[in-house]
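What follows is a set of notes on a single structure, which appears directly below.
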Amino acid sequence: MDKNLSDEIDLMELLAKAYRSIKRHLALFIALPLAGAAIALLISFNAQDKYSSSMMVSTDLISKNEAEFIVKELEAADSIMPGLTMEEARRLINLKFTVDSKIERIPVRNEVVIDREVIFLKITAEVTDPSIFPSLEKKLMRYMNSIDPVVQNRKRQELLHHKMIAKLDSEIVTLDGIRRQSDSRAMAGYINPASLFSKTVELYEDRTQRELRLQDIANVHLTKGFGSLMKDSRLPRTITCIMGIIGGFFLFVFIMFVQYFNKYNRSLNE
């Protein structure tokens with residue numbers, strides 16, 4: 001009980017000292033938060049405008065691990081983005097990258113499907129001039145299409161699909177020849193025309209899918225570009241003012257602590 005009473009007395013004494021200190025330095029207690037708010041607002045008014053927007057690209061030409069490695073390399077680079085002009089680099093404040101992925105099931109023919117990993121890369125840019133967004137978007141897309149993993153995987157897939165299309169063309173020509181021969185009575189008993197037609201249709205479907213795939217891998221896809229949604233990324237001036245007041249208050253507390261500590265230190269030395 002005595003200990004609790006002692007703690008209460010110490011707390012009341014501390015509050016009394018704080019009250020006396022504020023009363024003794026009332027002008028400073030009022031002036032510092034007001035000065036902090038004024039300085040914060042002055043900085044806010046004189047600061048450059050900042051605009052933020054995001055773009056999204058998607059591709060299955062690289063894995064998630066490769067995309068994350070590329071992002072780390074870009075974030076660690078001395079130059080924010082290769083290919084930017086000096087003026088664009090000056091207006092670009094920051095680039096942030098977020099990597100995500102999902103598995104898509106792609107139908108090949110009939111009930112045959114294949115799974116592929118699609119990478120989604122979100123790029124958020126902060127700039128001082130929103131007019132550079134179109135140029136920045138084009139250069140980011142050009143860069144994404146030129147990185148080594150994308151180029152190498154694209155070449156491998158193009159080679160595969162071109163060879164398969166050539167093979168399918170050969171098979172289709174062969175089946176067309178057989179179909180013409182089956183029109184004669186001699187072949188009619190050996191070949192089912194309906195089965196032959198069905199097989200030809202399957203080959204055409206496979207060939208079409210591969211042609212579409214070649215178009216698909218020609219470029220990394222832009223899902224959503226910069227500029228369609230944009231926001232001012234500066235703090236609201238009300239919040240800026242409040243932060244300035246809080247900063248001024250903490251400065252007052254620090255000054256009072258230093259003053260009290262100096263008095264306490266002098267009393268120990270006497």
Side-chain angles (χ1 to χ4, degrees), residues 54-71 73-74 97-123 134 137-226 228-229:
S54 298
M55 64 179 286
M56 178 79 77
V57 298
S58 62
T59 183
D60 63 346
L61 292 171
I62 52 176
S63 67
K64 188 174 182 179
N65 288 338
E66 288 173 326
E68 289 173 344
F69 176 78
I70 291 164
V71 164
E73 288 291 302
L74 276 174
F97 303 87
T98 305
V99 179
D100 198 5
S101 67
K102 75 173 183 177
I103 302 298
E104 289 187 350
R105 308 204 76 189
I106 308 299
V108 178
R109 60 179 181 272
N110 294 339
E111 296 182 357
V112 179
V113 295
I114 57 173
D115 293 337
R116 66 173 180 175
E117 183 185 32
V118 180
I119 303 302
F120 296 93
L121 179 61
K122 180 182 177 182
I123 307 172
E137 180 183 300
K138 289 179 182 178
K139 289 178 179 179
L140 279 165
M141 291 300 297
R142 189 182 306 148
Y143 175 76
M144 291 301 301
N145 277 297
S146 66
I147 55 180
D148 287 341
V150 169
V151 173
Q152 292 169 9
N153 291 333
R154 180 186 293 127
K155 286 180 179 178
R156 283 195 291 267
Q157 292 196 34
E158 284 177 343
L159 179 62
L160 170 65
H161 289 298
H162 279 304
K163 285 187 175 181
M164 289 303 298
I165 287 173
K167 178 64 176 175
L168 289 168
D169 285 339
S170 175
E171 292 293 326
I172 291 169
V173 169
T174 301
L175 287 177
D176 283 341
I178 294 173
R179 181 179 56 79
R180 284 192 295 269
Q181 293 178 20
S182 69
D183 292 338
S184 66
R185 291 181 180 179
M187 297 289 293
Y190 298 98
I191 297 175
N192 184 348
S195 175
L196 192 64
F197 176 77
S198 176
K199 182 63 176 177
T200 304
V201 169
E202 284 185 13
L203 292 177
Y204 269 112
E205 287 179 350
D206 196 351
R207 187 186 191 284
T208 302
Q209 289 289 343
R210 292 185 181 278
E211 285 183 335
L212 292 174
R213 181 62 186 147
L214 281 172
Q215 296 175 16
D216 192 48
I217 64 177
N219 291 291
V220 172
H221 299 289
L222 178 64
T223 305
K224 181 256 174 190
F226 285 133
S228 55
L229 293 173

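Quick caveat, the model's predicted, so the values are computed rather than measured. Residue numbers count from 1 along this sequence.
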Inset, instruction - State which residues pass side chain to side chain donor-acceptor pair (under 3.5 Å) with Gln157; sequence neighbours excluded, sorted by chain then number. - result: Arg213
Inset, instruction - Quick one: list whatever passes side chain to side chain donor-acceptor pair (under 3.5 Å) with Arg156, sequence neighbours left out. - result: Asn153
Legend entry - All side-chain contact (heavy atoms from CB on, under 4.5 Å) counterparts of Ser63, not counting sequence neighbours: Asn65, Glu66, Glu117
Legend entry - Which residues share a side chain to side chain donor-acceptor pair (under 3.5 Å) with Arg154, sequence neighbours left out: Asn145
Inset, instruction - Measure the spacing between CG of Leu175 and OH of Tyr204 and express it to the nearest 0.5 Å. - result: 9.5 Å
Inset, instruction - Any chance you could measure Asp60, atom CG, to Lys102, atom NZ, to the nearest 0.5 Å? - result: 12.0 Å
Legend entry - Residues forming a salt bridge (Lys or Arg N to Asp or Glu O under 4.0 Å) with Lys138, sequence neighbours excluded: none
Inset, instruction - Return the minimal non-hydrogen interatomic distance between Met55 and Glu137, and the atom names on each side. - result: CE-CG, 4.1 Å
Inset, instruction - Applying side-chain contact (heavy atoms from CB on, under 4.5 Å), name anything that partners Leu159, two or more places apart in sequence or on another chain. - result: Lys163
Inset, instruction - Count the heavy atoms of every other residue, nucleotide or ligand shown that sit under 6.0 Å from NZ of Lys64, and state whether that count exceeds 12. - result: yes
Legend entry - Closest non-hydrogen atom pair between Val99 and Ala67, with its separation: CG1-CB, 3.9 Å
Legend entry - Separation between OG1 of Thr208 and CD1 of Ile165, rounded to the nearest 0.5 Å: 9.0 Å
Inset, instruction - For Glu171, enumerate each residue passing the side-chain contact (heavy atoms from CB on, under 4.5 Å) test, keeping only those at least two apart in sequence or located in another chain. - result: Lys167, Leu203
Inset, instruction - For Ser58, enumerate each residue passing the side-chain contact (heavy atoms from CB on, under 4.5 Å) test, keeping only those at least two apart in sequence or located in another chain. - result: Val118, Phe120, His221, Thr223
Inset, instruction - Return the set of residues passing salt bridge (Lys or Arg N to Asp or Glu O under 4.0 Å) with Asp100 (not counting sequence neighbours), or none when no residue passes. - result: none
Legend entry - Minimum side-chain heavy-atom gap Leu121-Val220 below 4.5 Å: no
Inset, instruction - Measure the spacing between CG of Leu140 and CZ of Phe97 and express it to the nearest 0.5 Å. - result: 6.5 Å
Inset, instruction - Would you please name every residue forming a salt bridge (Lys or Arg N to Asp or Glu O under 4.0 Å) with Glu211, sequence neighbours left out? - result: Arg207
Inset, instruction - Give me the one residue out of Leu214, Asp206, Leu212 that meets side-chain contact (heavy atoms from CB on, under 4.5 Å) with Arg210. - result: Asp206
